[in-house]
Amino acid sequence: MIDPALESLLAEARTAHANTPELAKFCAFPQDLTDTPVSPYSIPAARLMEHDNILQGAEISRFAKASIAAGPVVHWRETYKDTDIGQEFLGRFGCYCLIGPNGAYHSKQMLAFVVYMPPGLYYPWHHHPAEEMYLVLAGEAEFRREGEAPQTLGVGQTSFHASDQPHAMETHDQPILAYVIWRNNFGIKPVLTDRKVPSA
Ligand code: ZN
């Protein structure tokens, strides 16, 4: 039995794919979804998201609200736990899977995540073989992509990352809440890019 909060979130994601040309073009919403019960697992960022004053005080979309509402019933990820990324990042960066590993839903076509970062957090350069699309649901962040000028993206804007293209992200006075999808080669985890790559 899938938690109603996740059913609602899935419905919002489906609507977003239908209504956002960049998402629709990147990957049609999967037709092959299966579901499995989730074992909830919390990390410190879950509480930061739940109690984020800026998100709570802002007018946010139904998709953003559903992403926050699902926080207590999802399995939060610890993708960078065994790296040298540092305690500051591990204690504040949040990501959970909606479609994919430890998520409620599974597809052979794509993975879908929700990413949350509080204000004033730097997500260092990283890359992965999967192609990636971010859709900003609330707040904003500065997106950096190797070979491109940095760009501050807000609600409704998207960022595409090609296969193995290093990218980084930084929040300043706003948090960011984003819907993130992967296609192709999505079984391989992100790795931190050689630290010699661009400094901020
Ligand atoms: Zn990425």
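In listed order, ligands and their atoms are each counted from 1.
For the Zn ion (ligand 1), the count of nearby protein N/O/S atoms, taking only those under 2.8 Å, is 4.
In this structure, Gln56 places its CD atom where more than 12 heavy-atom neighbours from other residues, nucleotides or ligands lie under 6.0 Å away.
A distance of 6.0 Å or more separates the ring centres of Phe113 and Phe186.
Using modelled atom types and a 3.5 Å distance limit, the side chains of His167 and His126 yield a donor-acceptor pair. If you check the side chains of Gln165 and Glu148, you find a donor sitting under 3.5 Å from an acceptor.
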Margin query: If you apply the rule side-chain contact (heavy atoms from CB on, under 4.5 Å), what do you find for Val38 with Asp3, and how did you get there?
Written below: CA-CA 8 Å; Val38 175; Asp3 192 285; over 6 Å; no
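Legend: side-chain hydrogen bond (donor to acceptor under 3.5 Å, both in side chains) pairs involving residues 39-48, not counting sequence neighbours, sorted by first then second residue: Tyr41-Glu78.
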